[in-house]
Every structure is written in structure tokens, then in C-alpha cells.
Amino acid sequence: MIRALFMSRFTIALDKTRNAYKFFSESLLGWDEHIDRGMPWQGEKDPYKIWLSEILLQQTRVQQGLSYYLNFVEAYPTVQDLAKAEDDEVFRLWQGLGYYSRCRNLLHTARFITNELDGVFPHSYDELLKLKGIGTYTAAAISSFAFGDLRPVIDGNVLRVISRFFGIEDPIDTKSGRNAISKLTKSCIEITDNSAAYNQAIMNFGAIQCTPKFPKCSNCPLVNYCKAYQLNLVSQIPIKSKKIKKRERYFVYFNIESNEHILIKKRTDRDIWQNLYELPMTELSTPFRNLESISENWAIPIRKELIESLNISTTFKQNLTHQKIIATYVDISLIESNELATKPYFWVSKSELDQYAFPKIILDFLKVRARQLGISY
DNA sequence: AACCCGGGGCA
DNA sequence: TGCCCAGGGTT
């Protein structure tokens, strides 16, 4: 008797949960039917193009990544084309998108697939996961979109939509929160028979309907069973426990021009903007005061005797995820042009600057400088 | 688990 | 300003 009662209650609870998964998945698929975001990779089956789009879109809004995707597909229609491209050329195409280690990993994996895997993409989630630049999200995306695996993706959209609908109050940046969401996504996708459509739908839904701020609950097809809505926690969920702290860095850049050439170097340190180019620079531990105070940190690869004038030009700021860069630019004119550049530094004709990838804070300066000179970089 | 890696858009 | 974005690598 007691056992029967227990069994019956258990069954009802399970059935209610299962209905919740079913309602969730089917509502999403229904909602997504009339959504067209004009994304050229939608419905794409070529794993190379799917991979390319997913790398470009990591931590990047679709609208921002779209033009980059079109440029890359045109320049490198196949993984072999990308594999044989010059590093600098690919980084130049990536310029402005940020998180440049993605570009380095992209090139590494393109060459690995071309040279070691005979140009064939791995078909399984586990094999995809071994590739550089491919983590759990991207492996799930490629295996579901290209190969039809029943594999749920978990990106920022999914974390938000799932945690809201099922009322997950554990922080999503903790193990318990991630585990809870991971279990739910598996249950929801298993209800469906089209994982590609499901994954597409939930990400579209997060981007358009269940947005981070001001989600459109008033016309949401899921609102009646949305736990966060019932608890009035929509604006609180998803909950994050960590808060990033930002440090300030003070850069001094030297714009050394000579005979229509400019002195640059490549950034090679394990630091921000690795593989990009920049002007000669020194970093200060305190904010820039004046030119005299930096003479001890002298980092200009030019003999002082050749310097005719040295003037503070402009200051630019740039906000990164964990750093705030404050860069002071110094214009330097030389008495005589064409001192031989040493070591990592080299002269570049101003007309050829567009062959190199620069961080935004350098581009901002070059743009202003070009306007001063009446030319365009 | 904590930290690092850009740049754009938005309120 | 602070937050978020079709995350991943390193320690």
C-alpha cells in the first residue's frame, strides 16, 4: 500500500517533468519555424564552414561576426586554402574581431586537418574536442549541425534560457549550476529527433526573445511554464557568482616616422594582442606624467642624437575584458631619415600598413594621424 | 576552480 | 559605466 502510493507519486512527478521537457522543446521548435536571421551558415552542412562560423562567433555577436565570415569564406573556400595562407594575411582578415588566440588556433587546426587528417574533419564529438580552439560548445555545434549527433550545445544563450525556464538559482559559473543545466539540456534535446533544429532554435530564442536585458516575456510562448517568470526572478537569472576585476595599464607608444615609413614590430610575448603588430612602446607602472619621467624607461630603438623633436600627441583608452589600456602617443621626427632598424623593429611604408594587423588602439591612433597628414591608411 | 584572452553594442 | 555576446586555453 505504502509502496504503491510512493510509486504512483513518483510516476506522476516524473511524468510532469517529462511533459515540461516536451513542452519546452516543442515550443522552441515551433517558435523558431518562422525565424530567419539571414545567417549564411544556417543549414550549412560543410563541416569546414560550420567550424569557421563557430570559431568566428565565439564570444561574438552574430551581427559583428557576419562580415568576417563572408570575408573568410571568400578568401579561403576550403580548409586547404586556409591551411596554406600566410599567418599575417589571416590575422589581417581577423583584425578588429578580438580574442586573437582564436585566429592562431584556427590556423593551427586548419593545418593539422589538412596535413595530418588528409583534409577530413573528425566526425565525432570526442575527436572534435581534441582539436585546438574547439571546446565543448563548438564540438557539440559541429557534431550536431554537420553530422546530426543528438548533442546539445551550451552557450550563453542556452545557459540563460534553460536557467530561466527551469528556475536554476545556482550560479551558472559554478559546477553545480553547470551540471544542473547540462542534465536539463540533455533531457530536452532527447525529446526531439532533430538536434540541429533544436540547437538552432534555442540559440535563436536566447538571442531574440529571451534576451539578457528586457526579455520579451509579454509575448513569449513559454511564459506560462517559465519558472523564473513565476518566481519574478527573470531579471535575476542567470545568476553569476564571479565578478571580474580589471587592472589598468599605461602604455607609451612612439610614432617614429621617416621618409614616408613608420617603425613597427610584432607582439610576441604571452600577453594581449599576441601576433599583432604595434609601434615601439614602453609600459609604465604609473600613469604617464611627462616625457622627462619616462627617459629612464627609454625603449625607443633610435639613437637619441637623431631625434629632432619629440612631442606628446594624443591619448587613447581601450577597455578589454580584464584590463583597461591607457596609451599615450608620442610623435618623433628624425634629423635624418633612414636609420637602419634593429632587431624586432622594422620600417614599413605607410602605403603598406594595411597588410599588417594592429590592435584597435593602434588603428585609432593611425586613423587620427592619417587625418592630420591628409592621407588614408 | 580561477584567471586570462578583444571589441562592439546597449541601456 | 557595466554587462553580454553562438567559449576556449592555461595554470
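A, B, ... follow the sequence lines: proteins, then strands. Residue 1 opens every chain.
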Taking only the side-chain heavy atoms of [X] (C-beta and beyond), determine which of [options] contains the nearest atom.
X      : options              : value
A:A207 : C:dA6, C:dG7, B:dC10 : C:dA6
A:R270 : C:dC4, C:dA6, C:dT11 : C:dT11
A:W273 : B:dG6, C:dC4, C:dA6  : B:dG6
A:N157 : B:dC4, C:dA6, C:dG7  : C:dA6
A:P212 : C:dC4, B:dA2, C:dA6  : C:dC4

Report yes or no: is there a donor-acceptor pair, N or O only, under 3.5 Å between the side chain of [X] and the base of [N]?
X      : N     : result
A:R102 : B:dC5 : no
A:S101 : C:dG9 : no
A:Y99  : B:dG6 : yes
A:Q200 : C:dA6 : yes

Can A:E127 and A:K130 be counted as an ion pair, charged N to O under 4.0 angstrom? yes

Does the distance from a Lys or Arg side-chain N to an Asp or Glu carboxylate O, for A:D271 and A:R249, drop under 4.0 Å? yes

With respect to the phosphate group of [N], does any side-chain polar atom (N or O) of [X] fall under 4.0 Å of OP1 or OP2?
X      : N     : result
A:Q59  : C:dG7 : yes
A:T136 : C:dG8 : yes
A:K243 : C:dG2 : no
A:R104 : B:dC5 : no
A:T138 : C:dG8 : yes

When you compare [N] with [M], how far apart are their [atom1] atoms, in angstrom units rounded to a whole number?
N     : M     : atom1 : value
B:dC3 : C:dA6 : P     : 25 Å
B:dG8 : C:dG8 : P     : 22 Å
C:dC5 : B:dG6 : C1'   : 12 Å

Starting from the 5' end of DNA chain B, give me the residue, A:Q323 or A:R61, whose nearest nucleotide shows up first. A:Q323

Nearest-nucleotide wise, let me know which of A:R249 and A:Q64 is further upstream toward the 5' end of DNA chain B. A:R249

Going by the angle between their ring planes, with limits at 30° and 60°, are [X] and [Y] parallel, tilted or perpendicular?
X      : Y      : value
A:F316 : A:F365 : perpendicular
A:F251 : A:Y253 : perpendicular
A:Y356 : A:F346 : tilted

With DNA chain C as reference, determine whether A:L129 or A:T60 sits nearer its 5' end, using the nearest nucleotide of each. A:T60

Where each residue is assigned the nucleotide of DNA chain C containing its nearest heavy atom, which of A:K213 and A:Q58 is assigned the position nearer the 5′ end? A:K213

Whole-Å distance, A:Y277 OH to B:dG6 P, equals 16 Å

With a non-hydrogen cut-off below 4.0 angstrom, is A:W94 in contact with a base, only sugar-phosphate, or nothing? nothing

